[in-house]
Protein chains: 2
Amino acid sequence: MPVRDGNKTGIPKGVINRLPLYYRYLAELARQEVEKVSSSELGEALGLTAAQIRSDLSYFGSFGQHGYGYRVDELYNQISSILGLDRAYNLILIGAGNLGKAIASYQNFRNRGFEIKAIFDNDPLLEGKYLSGCIIQPIDKLTEYLANNPVDIAVITTPREVAQDVCNQVIAGGVKAIWNFAPVRLQVPEGVVLEHIHLTNSLLRLSFKMKHSDKIKD
Amino acid sequence: MPVRDGNKTGIPKGVINRLPLYYRYLAELARQEVEKVSSSELGEALGLTAAQIRSDLSYFGSFGQHGYGYRVDELYNQISSILGLDRAYNLILIGAGNLGKAIASYQNFRNRGFEIKAIFDNDPLLEGKYLSGCIIQPIDKLTEYLANNPVDIAVITTPREVAQDVCNQVIAGGVKAIWNFAPVRLQVPEGVVLEHIHLTNSLLRLSFKMKHSDKIKD
DNA sequence: TAGATTGTTAATCGATTAACAATC
DNA sequence: TAGATTGTTAATCGATTAACAATC
């Protein structure tokens, strides 16, 4: 499995954004029991060039066959593995407000091996209630929980005021990945990975595009 | 107000992503009653180069003063206007499940002039209930509503199966902007703008980063 | 084999950064 | 005026695309 690039230069962000697209489209093809696909067919379907798809894949190895294309099931498995979907993840969720409830109830993640194991919230009215099969615990139980249970990903759906504090706590407890929904740029040390879903920024981009739709690239 | 670029080449995506950052940080500075800020101070705070900030702003005009920097309140107002926040928007929300409820209850948008005026859902159990001050209506009232009320933005929080169909309906009703939370790539005609929040893609990126944290750029 | 499509290199394109004249 | 910082051009960097030898 020759890899185009050592870990000197790294994987460009655009590649990381496109991998989930490939994954999802290949999942769809596999469901339809399509056997093979070429980079130009993939490009056609996803609005990308064939060259870009081949180039993206070549960061991770050679998965196709000259003159044939890619076997759908094989490429799907390879990309699943590249995305880290060949294992299960333990999640905890901090903040059981509306957004936290929505995420806890969302089944798409669970189906792919991301399971919420514990939920924390500071509201005494929520304490002891069940949400998606988890009992809601007060946040001062968080450190104890982290000391006794393996946690891969912390999902932060708290108000912005406490998000950084919660973030620091879970990092202190050894969590290495944070999925943040609070509207604040969290500071994390080297070695902790972070994905941010920022609803307001997205809405502001939409508003911008409405005002400037004539002069937007792409 | 000399603009660096006609609408020949357009505004790069990166600029659109950064404008909300500038907006939010300037709002914070204004709240703290800071009077002036330089591009290097902004860059420092946001993890960007001073040159990039000046370059981004120059797409829209010249807002600074040589030898001084930028007046916080003035730049804040200018960026607000660039983002289209100098007016109000009428929103409708289709899909009153967990995610729809979370968004309807989220006050951050309303404070900036984005107001949800109507909510639609196909579930007969929800019909007639109130959510954030709106009565939940069946989706077959949607076309009639669009014919009689101005709608700037449709928020789609339906299941993926019906999202494209709902999208087509609102576009047929004249809506020019769609904020999509359903896990599907919506097809929209020229002239309709689209912002997509894709929770699963974000989680897959996080998973990827966990597996490859050693070889990621930036 | 002939036809097709990969993987990869070279060429192109676009975005970021550095540098600096303009100027408050 | 001297010092500082902008707005913009030129240089650099990185990502995308085109081209093609390798090969199934």
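All chains are named by letter (A, B, ...) in the order of the sequence lines, taking the proteins before the strands, and each is independently numbered beginning at 1.
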Specify the separation, in whole Å, of atom [atom1] of [X] and atom [atom2] of [N].
| X | N | atom1 | atom2 | result |
| --- | --- | --- | --- | --- |
| A/Lys36 | D/dC24 | NZ | P | 16 Å |
| B/Ile11 | C/dG14 | CD1 | P | 15 Å |
| A/Glu44 | C/dT5 | CD | C1' | 16 Å |
| B/Leu42 | D/dT5 | CG | P | 12 Å |
| A/Asp56 | D/dG14 | CG | P | 17 Å |
| B/Lys13 | C/dT16 | NZ | C1' | 18 Å |
| B/Tyr70 | D/dG7 | OH | C1' | 8 Å |
| A/Glu41 | C/dA4 | CD | P | 13 Å |

[X], nearest nucleotide to its side chain (from [options]):
| X | options | value |
| --- | --- | --- |
| A/Ser38 | C/dT6, D/dT17, D/dT6 | C/dT6 |
| A/His66 | D/dG7, C/dT5, C/dT8 | C/dT5 |
| A/Arg18 | C/dT17, D/dT6, D/dT16 | D/dT16 |

Does [X] place a side-chain N or O at less than 4.0 Å from the phosphate oxygens OP1/OP2 of [N]?
| X | N | answer |
| --- | --- | --- |
| B/Gln65 | C/dC24 | no |
| A/Ser58 | C/dG7 | no |
| A/Thr49 | D/dT16 | no |
| A/Arg54 | C/dT6 | yes |

Remember a base hit wins even if backbone is also touched, and classify [X] as base, sugar-phosphate or nothing at under 4.0 Å, heavy atoms.
| X | result |
| --- | --- |
| A/Gly69 | sugar-phosphate |
| B/Gly64 | sugar-phosphate |
| A/Ser40 | nothing |

What class does the angle between the rings of B/Phe120 and B/Tyr145 fall in, given that below 30° is parallel, 30 to 60° is tilted and above 60° is perpendicular?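 Because their plane-to-plane angle is over 60°, the rings of B/Phe120 and B/Tyr145 count as perpendicular.
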Below 6.0 angstrom between ring centroids: does that apply to A/Trp179 and A/Phe114?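 A/Trp179 vs A/Phe114: aromatic centres not under 6.0 Å.
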Atom pair CD1/CG of B/Ile79 and B/Leu26 - distance to nearest 0.5 Å: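 Answer rounded to 0.5 Å: 5.0 Å.
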Could you pull out all donor-acceptor pairs under 3.5 Å where a side-chain atom in residues 203-212 of chain A meets a protein atom, sequence neighbours excluded?
from	atom 1	to	atom 2	distance (Å)
A/Arg205	NE	B/Glu195	OE2	3.3
A/Arg205	NH2	B/Glu195	OE1	3.4
A/Ser207	OG	B/Leu83	O	2.5
A/Ser207	OG	B/Tyr89	OH	3.3
A/Lys209	NZ	B/Leu194	O	3.0
A/Lys209	NZ	B/Glu195	OE2	3.0
A/Lys211	NZ	B/Ser81	O	2.7
A/Lys211	NZ	B/Asp86	OD2	3.2
A/His212	ND1	A/Lys215	NZ	3.3
A/His212	NE2	B/Ile82	O	2.7

Counting Watson-Crick and G-U wobble pairs with both distances under 3.5 Å, what is the dot-bracket string for DNA chain C, 5' to 3', using [ ] for crossing pairs and | for pairs to another strand? ..||||||||||||||||||||||
Between the side chains of A/Arg87 and A/Asp152, is the shortest nitrogen-to-carboxylate-oxygen separation below 4.0 Å, so that they form an ion pair?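 Salt bridge present between A/Asp152 and A/Arg87.
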Nearest-nucleotide comparison on DNA chain C, the residue closer to the 5′ end among A/Gly67 and A/Ala51: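 Whichever sits nearer the 5' end wins; that is A/Gly67.
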Mark yes or no for whether B/Glu41, through its side chain, and B/Ser38, through its backbone, hold a donor-acceptor pair below 3.5 Å.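 Present.
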Axial cation check for B/Tyr70 ring with B/Lys36, 6.0 Å and 45° limits: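 Here B/Lys36 fails the 6.0 Å and 45° test against B/Tyr70.
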Taking for each residue the nucleotide of DNA chain D with the nearest heavy atom, is it A/Gln52 or B/Ala50 whose nucleotide lies nearer the 5' end?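 Residue closer to the 5' terminus by nearest nucleotide: B/Ala50.
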Can you work out whether A/Val15 or B/Leu57 has the more 5'-proximal nearest nucleotide on DNA chain D?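 Between the two, 5'-proximity favours B/Leu57.
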Evaluation steps, side-chain hydrogen bond (donor to acceptor under 3.5 Å, both in side chains), between B/Asp56 and B/Gln52: CA-CA 6 Å; B/Asp56 285 356; B/Gln52 178 158 73; 4.9 Å; no
